[in-house]
Amino acid sequence: MYEEASNSTILMLLNTAVYPFIAALIVSFIAGKLTRASSYLGYLGGFIVGLGLIHSGLSFPPKQAIDNYTVSALIGIISILLLTLVKQSLPKNALKIVLFGFSFYFLLNPVLRHSGAIISLSWAIVSALIVMLYLFLSEQSLIQKMDSNKQRSLSPHLLIIGLMVVAGSAAPVISIGGSLLIGQLLGAFGAATFGYLIIGYITNKTVNYATIPAILILGGLITQSHVLADIPLKVMLMITASIFLTPIAILLKGKTSNKQSIVIILSQIVVSALVSGLSLWLVWPESSLY
């Protein structure tokens, strides 16, 4: 019995962390070699590998709410391609709200449709607006720290690092408080983004709008944790608020050196750990976990 439990734990660790990490390393390297603009496919590839291993019933076209992360990944790719081509702010913002709204609608509607179309649309629109706010702050922070320095630096990767830290800190909260499946997917997302970051730092490559698919997936996991797994709304909002720390910190500091970048990363880790600890206290089940 103990041997079976040990094997199950090892398999869960492989599916949640190891395989998505390795897949992200491979895809990031290959995609980065083929074309600079596709390097963000690394973390998407790693996450999809984790999704397929963790959610064994994964299907396309989607049949369940979890299946729609494949749609979110596609919408993220389409968003990057379209927003790169569209330069005017009004059409660009209109595209954002439509595409992001569709992403959240597909993720949440399978559950919320029983509450009516207005509820589903409201959740999708509000979630899309929060993502747009995050991306607005991110774009402003990127403008502030852009310079001609071509040396290897942490600063171009701070936003993705921030998302990775939030995902990693939220994973145990969601796993214990509501859904092991969504908690594992948060772990897979964190592992995939870590693999992508390693290749991105080594090759010193950054891509405009590369955080769009990441924030759509992470935002979807956080909202699904409340809608599907009954994680308290206040916990979901605390985790969501912690996502904004990194772009705001970059905005306040302006151009960031590696030392300043490390301070921002450590600040995100501390805040995320505090949020995770408080959230665990709020969601911890009254009965034993075993």
Side-chain angles (χ1 to χ4, degrees), residues 40 43-44 47-48 50-51 62 65-80 83 93 95-112 119-139 159-171 173-174 178-179 181-190 192-193 196 209-229 231-248 268 271-272 275-276 279:
Y40 60 89
Y43 67 75
L44 287 179
F47 176 76
I48 295 299
L51 177 64
I66 298 295
D67 298 336
N68 281 302
Y69 284 106
T70 55
V71 177
S72 292
L74 289 174
I75 288 175
I77 295 171
I78 293 169
S79 299
I80 291 177
L83 294 177
N93 288 329
L95 276 172
K96 285 179 183 178
I97 192 67
V98 171
L99 291 169
F100 301 165
F102 270 126
S103 177
F104 283 101
Y105 182 80
F106 287 132
L107 288 172
L108 302 176
N109 185 58
V111 175
L112 292 177
I119 298 295
S120 290
L121 288 172
S122 298
W123 268 94
I125 292 170
V126 170
S127 300
L129 289 173
I130 292 173
V131 167
M132 287 183 66
L133 175 60
Y134 173 86
L135 291 175
F136 172 76
L137 293 173
S138 300
E139 289 169 8
L159 294 171
I160 289 287
I161 292 173
L163 297 180
M164 178 188 71
V165 171
V166 171
S169 63
V173 176
I174 309 305
S179 171
L181 173 61
I182 297 177
Q184 284 183 273
L185 291 177
L186 282 164
F189 173 84
T193 50
Y196 162 80
Y209 305 115
T211 56
I212 288 179
I215 191 62
L216 285 178
I217 290 172
L218 180 57
L221 289 166
I222 293 171
T223 51
Q224 276 195 342
S225 71
H226 172 66
V227 174
L228 274 70
I231 292 294
L233 181 62
K234 56 189 173 184
V235 170
M236 187 194 78
L237 292 176
M238 284 193 299
I239 295 172
T240 301
S242 68
I243 293 174
F244 287 85
L245 174 65
T246 294
I248 291 173
Q268 181 70 71
V271 170
S272 294
V275 169
S276 179
S279 298

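Sequential numbering from 1 along the given sequence is applied to the chain's residues.
In this view, F47 and Y69 satisfy the ring-ring contact (aromatic ring centres under 6.0 Å, His included) rule, not counting sequence neighbours.
Contact annotation: the side chain of T70 never approaches that of L74 to less than 4.5 Å [non-hydrogen atoms, C-beta and beyond]. Counting only heavy atoms from C-beta outward, the side chains of P247 and L159 approach each other to under 4.5 Å. The closest side-chain heavy-atom distance from H226 to W123 is below 4.5 Å. You'll find the side chain of V275 stays beyond 4.5 Å of the side chain of S169, heavy atoms only. With a 4.5 Å cut-off on side-chain heavy atoms, N68 and N109 do not count as touching. Using a 4.5 Å heavy-atom threshold, the side chains of I215 and I243 count as touching.
Put simply, the side chain of Y43 gets close to the backbone of A214: a donor and an acceptor are under 3.5 Å apart. A distance-only check finds a donor-acceptor pair linking the side chain of S242 to the backbone of I239 [under 3.5 Å].
In this structure, M236 and I222 approach most closely via the heavy-atom pair CG-CG2, 3.4 Å. Considering all non-hydrogen atoms of both residues, Y105 and P110 come closest at O-CD, 4.2 Å. The two residues A210 and P213 have their closest heavy-atom pair at O-CD, 3.6 Å. Scanning both residues, G187 and A171, for their nearest heavy atoms gives N-CB, 4.1 Å. Between I48 and A73, the shortest heavy-atom distance links the atoms CD1-CB, 4.4 Å. The heavy-atom pair separating Q224 from I66 by the smallest distance is OE1-CD1, 3.4 Å.
Separating the CG atom in L228 from the CG atom in L107 is a distance of 9.0 Å, to the nearest 0.5 Å. Distance check: F189 CZ to L44 CG gives 9.0 Å after rounding to the nearest 0.5 Å. Here CZ of F102 is found 11.5 Å from CD1 of I97. Values are rounded to the nearest 0.5 Å. One distance of note links CE of M132 with CD1 of I125; it measures 12.0 Å at 0.5 Å rounding. To the nearest 0.5 angstrom, I231 atom CD1 is 12.5 Å from L237 atom CG. Remark: L181 CG to I174 CD1 distance equals 12.0 Å, nearest 0.5 Å.
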Take T193 and L163, measure what side chain to side chain contact (heavy atoms under 4.5 Å, CB included) needs, and give me the verdict at the end.
-> CA-CA 8 Å; T193 50; L163 297 180; 5.9 Å; no

Side chain to side chain contact (heavy atoms under 4.5 Å, CB included) assessment of F106 paired with S72 | CA-CA 8 Å; F106 287 132; S72 292; over 6 Å; no

After noting the C-alpha distance and the side-chain angles of V166 and Q268, does the key distance pass the side chain to side chain contact (heavy atoms under 4.5 Å, CB included) rule?
-> CA-CA 8 Å; V166 171; Q268 181 70 71; 3.6 Å; yes

Where do T246 and I161 land on the side chain to side chain contact (heavy atoms under 4.5 Å, CB included) test, with the steps shown first?
-> CA-CA 9 Å; T246 294; I161 292 173; over 6 Å; no

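For F244, the CZ atom is densely surrounded, since the number of other residues' heavy atoms within 6.0 Å is greater than 12.
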